Amino acid sequence: MRWDDFRRSDNVEDRRGMRGIPGGAGGLGIGTVLILGVVGWALGIDPRLLITGAEILSGGGGQQTQQSGPVGAPQDQTGQFVAAIAGDTEDRWRVIFQNAGKEYTPPRIVIFSGVTSSGCGTAQSAMGPFYCPLDRKIYLDTSFFRDLESRFQGCEGKACQFSQAYVIAHEVGHHVQNLLGILPKAQQMQQQMGDRAEANQIQVRIELQADCFAGVWANAAQKKWNFIEQGDVEAAMQTASAIGDDRLQKRTQGRVVPDAFTHGSSAQRVRWFTTGLKDGRVSSCDTFQAAQP
C-alpha cells in the first residue's frame with residue numbers, strides 16, 4: 001500500500017520505552033497480568049475483563065496513576081506509519097460524519113511496549129490492540145506488527161502494511177461505534193444478559209461491525225488516494241481469516257467452541273470487512289440486524 005500522502009495525525013501518544021505502570025499496575029504483578037492475558041485469549045474471554053476484575057478484587061481497581069508520553073507524530077518508521085493511518089482515518093471519518101450531519105472527534109492512539117496503564121485497566125502485549133471507550137484511546141503495542149509478519153503467511157514487509165492498517169482501522173471502528181451510541185447500547189445489552197454465550201454473541205456483532213467500518217475507511221481512502229496495491233487486500237483477508245475465533249481456538253485448544261466466540265469466525269471477519277470495502281457505507285455494516293452475522 002502507498003501511504004506517503006496520508007496526513008500524519010497529532011493524536012498519537014508515544015509511551016514506548018517507558019517502564020512499568022505507576023501505582024503498581026492496580027495492585028497486580030506483571031506476571032499475573034501476563035497470565036490473565038494468555039488465559040483470556042485462550043478461552044475466548046476478553047482479557048481486559050479478567051484483568052480489571054482481578055484488580056478490583058485485589059483492591060487496586062481504579063487507583064492506578066495514568067501514564068503519559070509525548071504527543072504528536074513519532075519520527076521513526078513505525079511511528080510514522082501509525083500516525084499516517086490515524087491521520088487518514090480521521091480525515092475520512094470526518095467527511096463521512098459531516099455528510100451525515102454529525103461531528104467526528106478522533107480517538108488518541110497510544111503506542112507502547114510491554115505494558116502500560118489505560119482508562120480500562122492494565123494494557124499489555126498479550127491482549128493485542130484494543131479500544132478503551134472510557135478514555136477514548138486506542139492502545140497498541142507495536143510489537144503486534146512484528147507478530148503479524150512472523151505468524152501469518154503472506155504478511156511480510158510491505159505486503160503486511162495493509163493488514164496492519166486494517167488492525168488500526170478496526171480499533172478506530174470501535175471509536176466510531178462509541179460516537180454513534182452503538183457501543184454503549186450493546187454493552188448495556190451484554191450486562192442484562194444472564195447467559196455468557198448470548199453476551200458473547202453480542203460481542204461478536206460488535207467486533208464484526210468494527211471490521212466492516214475498517215472496510216468503509218479503506219473504501220473512502222481508496223477513492224481519495226488510490227493507495228491499495230496488488231496483493232494488499234489478499235494479505236488483509238489472510239490476516240482477518242487467521243485471527244478469527246475458530247482459527248485461534250483450534251490453535252490454542254485443539255477444538256472450536258462457537259459459544260465462546262468474541263470476535264467472529266474467520267469467514268465472518270472476511271465477509272464483513274469485504275462488505276465495508278466494497279459498499280463503503282455505514283448503513284451496510286448493521287451486523288445487529290443481520291439474521292446471521
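In what follows, residues are counted from 1 in the order of the sequence shown. As the structure is a prediction and not an experimental result, all values here were calculated from the model.
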Partner set under ring-ring contact (aromatic ring centres under 6.0 Å, His included) for W272, not counting sequence neighbours
none

For H174 against I206, the heavy-atom pair lying closest together:
CE1-CG2, 3.7 Å

Measuring from atom OG1 of T142 to atom CG of D14, what distance do you get when rounded to the nearest 0.5 angstrom?
8.0 Å

Minimum heavy-atom distance between V282 and V216, given as atom pair plus value:
N-CG2, 4.4 Å

Residues S118 and D135: closest non-hydrogen pair is C-OD2, 3.9 Å

Donor-acceptor pair, distance only, cut-off 3.5 Å: does the side chain of R8 make one with the backbone of A84?
no

Minimum side-chain heavy-atom gap I182-F288 below 4.5 Å:
yes

Heavy-atom distance under 4.5 Å between the side chains of P184 and N178, does that happen here?
yes

Can you give me the closest heavy-atom contact between R15 and G69, atom names plus distance?
CG-N, 4.1 Å

Report yes or no: does S125 contribute a side-chain atom to a donor-acceptor pair with the main-chain N or O of G114 at less than 3.5 Å?
yes

Minimum heavy-atom separation for A83 to A73, with atom names?
CB-CB, 3.9 Å

Please check if the side chain of T287 supplies one atom and the backbone of R205 the other of a donor-acceptor pair under 3.5 Å.
yes

Hey, are the side chains of F145 and I168 touching, using non-hydrogen atoms and a 4.5 Å cut-off?
yes

Answer yes when D91 and R7 have at least one side-chain N-carboxylate O distance shorter than 4.0 Å, and no when they do not.
yes

Backbone N or O of A235 within a donor-acceptor pair of the S163 side chain at under 3.5 Å?
yes

Using distance only, find each side-chain donor-acceptor pair of residues 105-113 under 3.5 Å and give its atom names and separation, not counting sequence neighbours.
unit_1 : atom_1 : unit_2 : atom_2 : d
S113   : OG     : G17    : N      : 3.2

How long is the gap from CD on E13 to CG on L140, to the nearest 0.5 Å?
13.0 Å

Once you round to the nearest 0.5 Å, how far does CZ of F6 lie from NZ of K224?
11.0 Å

Using a strict threshold of under 4.0 Å (side-chain N to carboxylate O), is an ion pair present between E103 and R94?
no

Whether the side chain of Q80 engages the backbone of P74 through a donor-acceptor N/O pair (distance < 3.5 Å, no angle test) should be reported.
yes

Establish whether V71 and V172 are linked, either directly or via other cluster members, by ILVMFWY side-chain heavy-atom contacts under 4.5 Å.
no

Are there more than 12 heavy atoms of other residues, nucleotides or ligands under 6.0 Å from atom CD of Q230?
no

Please check: side-chain N/O of D286 versus main-chain N/O of Q289, any donor-acceptor pairing under 3.5 Å?
yes

Quick check: do K102 and L180 have side-chain heavy atoms less than 4.5 Å from each other?
yes

Between E207 and R269, is there a salt bridge with N-O shorter than 4.0 Å?
no

Within this structure, what is the CZ-CG distance for the pair R271 and L208, rounded to the nearest 0.5 Å?
8.5 Å

For Y139 and Y131, I'd like to know if the aromatic rings sit close, meaning centre-to-centre distance below 6.0 Å.
no

Kindly give the heavy-atom pair with the smallest separation between S68 and M18, and that separation in Å.
O-CE, 3.3 Å

Under the side-chain hydrogen bond (donor to acceptor under 3.5 Å, both in side chains) rule, what pairs show up with a residue in residues 69-78, not counting sequence neighbours?
R16-D76

Identify the residue among W225, F162, F81 that makes a ring pair (Phe, Tyr, Trp, His ring centres under 6.0 Å) with W3.
F81

Hey, do the aromatic rings of W217 and Y104 have their centres closer than 6.0 Å?
no

